[in-house]
K.L.:
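Here it is, the structure, as structure tokens.
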Amino acid sequence: MEAFLWGAGISAHQTEGMNRMSDWWEFEHSVLQKRGVEPSASCVDHWHRFREDINLLADNGFNAFRFSVEWAKIEPREGEINEDALLHYDEVIRYAKQRHLTLCLTLWHFTLPLWAKKKGGMLNKDVQERFFHFARICAKRWGNDVQLWITINEPMVYLMEGYRWGHWPPNIHSVFKPITVFFALRRVHRKTYSILKKEQIESIGIAKSVISFVTQSRFPLFQAIQGIRNIIWNIAFFVGEWHSHDFIGINYYITSYLGKAPKTTKDAMGWSASPEGFLFAMKQFKHMSKPLFITENGIATDHDDERITYLQSHLPMISKAKSLGIDIRGYFYWSLLDNYEWDKGFSKRFGLVAVDRATMDRKPKQSLEQFGI
Ligand code: BGC
């Protein structure tokens with residue numbers, strides 16, 4: 001894994017389609033339907049078109065692919081492992097390897113099997129045990145094929161969206177529950193880490209949502225507030241747990257200024273990023289002496305020229321970070337495909353490739369060609 005990883009990412013629920021046995025499928029057909037959000041349905045049919053999608057990466061000079069395997073498809077009913085789903089992912093992995101892509105696999109990217117959600121999700125120790133069993137199956141099967149293993153995608157986003165704001169399943173609005181979930185997820189990561197280690201997997205981590213809390217003010221109060229926000233949102237999940245992270249995966253989208261802010265434009269999600277903020281995100285982890293990977297970075301826009309401008313301004317920060325001694329080993333653009341953007345449906349487009357959902361035809365955008373090597 002010497003070469004710098006240069007890839008793009010997707011997740012199973014957001015692309016494959018027909019994730020019928022998941023908590024999100026239920027949520028889409030109840031809560032989101034009432035809000036008028038289109039359900040994921042066949043999504044962008046990555047399940048059947050994964051070869052085409054992998055080719056899009058490989059043919060455009062990328063050397064890495066981040067994807068997730070869907071627990072709800074592998075264990076649709078508690079204790080029942082679906083061999084066909086495993087065979088499917090065998091094929092995805094085999095094909096990606098054949099195209100010389102280095103793989104980054106996420107075990108849990110926000111979705112749970114519905115049965116697991118009904119039992120209280122990761123707050124229930126039996127559900128956690130089933131997840132460990134699932135993780136062990138994946139590790140035994142693909143341990144030699146996949147270089148980077150991500151146990152949990154964005155634990156902080158999950159606990160806030162699901163348990164604080166209730167925008168996502170399990171649709172809970174609570175002040176204190178997120179704290180319980182926080183500790184449960186730290187446990188889930190720690191135990192999954194040791195399970196994967198027993199299977200001789202070298203590189204295991206999480207994909208952490210990192211918000212750059214910046215201030216240009218010299219006012220100590222402003223600096224203190226941003227410092228506290230940084231610790232709570234970006235660092236707390238790792239505190240006391242460094243030994244269970246071989247690398248840090250950074251998902252970066254947002255710079256949050258306090259006080260005077262430079263002029264930045266908002267993307268279709270309403271998010272503002274800045275190249276300085278991107279560098280700031282990487283700097284946060286310098287002293288932790290772990291390799292860093294940008295496991296997600298991207299912009300939601302209907303105008304590909306904005307995506308190109310965004311990348312032109314952000315990507316040089318990687319060399320800048322390297323010159324500052326930051327051990328950055330790879331970059332995954334989010335996302336390879338326009339896809340299902342959770343409670344926003346299909347309306348937000350992060351992709352390097354557009355998908356016509358009527359025909360499922362892929363239409364590469366200029367950004368795909370421009371940022372391949
Ligand atoms: C998630 C992705 C999501 C992206 C854009 C990250 O929070 O990991 O699933 O599509 O951000 O919202």
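Atoms within each ligand, like the ligands themselves, are counted from 1 in listed order.
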K.L.:
Nearest protein heavy atom to atom 6 (C) of ligand 1, by residue and atom, and its distance?
P.N.:
Glu296 OE1, 3.0 Å
K.L.:
Where does Trp271 meet ligand 1, judged by heavy-atom distances below 4.0 Å: at the side chain, the backbone, both, or neither?
P.N.:
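Near ligand 1, Trp271 shows its side chain, while the N, CA, C and O stay back.
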K.L.:
Asn55 and Tyr95: which non-hydrogen atoms are nearest, and at how many Å?
P.N.:
OD1-OH, 2.7 Å
K.L.:
With Arg357 as the cation and Phe346 as the aromatic partner, state whether NZ or CZ is under 6.0 Å from the six-membered ring centre and within 45° of the axis.
P.N.:
yes
K.L.:
Ring-plane angle category for Trp142 and Tyr89, please: parallel below 30°, perpendicular beyond 60°, tilted otherwise.
P.N.:
perpendicular
K.L.:
Using only heavy-atom distances, determine whether the side chains of Thr301 and Glu306 contain a donor-acceptor pair under 3.5 Å.
P.N.:
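Indeed, the side chains of Thr301 and Glu306 share at least one donor-acceptor pair under 3.5 Å.
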K.L.:
Can you find an N/O atom of Glu341 closer than 3.5 Å to an N/O atom of ligand 1?
P.N.:
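Right, the criterion is met.
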K.L.:
Arg130 and salt bridge (Lys or Arg N to Asp or Glu O under 4.0 Å): which partner among Glu75, Glu80, Glu78?
P.N.:
Glu75
K.L.:
Who gets closest to atom 4 (C) of ligand 1 by heavy atom: Tyr253, Phe110, Phe350?
P.N.:
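Heavy atom nearest to atom 4 (C) of ligand 1 belongs to Tyr253.
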K.L.:
Going by the atom numbers of ligand 1, which of them fall below 4.0 Å from some non-hydrogen atom of Gln14?
P.N.:
2 (C), 3 (C), 9 (O), 10 (O)
K.L.:
Of the protein's non-hydrogen atoms, which lies at the shortest distance from atom 7 (O) of ligand 1, and what is that distance?
P.N.:
Glu154 OE1, 2.4 Å
K.L.:
So is there a nitrogen or oxygen of Asn153 less than 3.5 Å from a nitrogen or oxygen in ligand 1?
P.N.:
yes
K.L.:
Within the 4.0 Å heavy-atom shell around His109, which atoms of ligand 1 are there?
P.N.:
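This gives 1 (C), 2 (C), 8 (O), 9 (O) as the contact atoms.
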K.L.:
Step through it carefully: locate the ring centre of Trp108, locate the ring centre of Trp71, and say whether they are under 6.0 Å apart.
P.N.:
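Between Trp71 and Trp108, which both carry aromatic rings, the centre distance is not below 6.0 Å.
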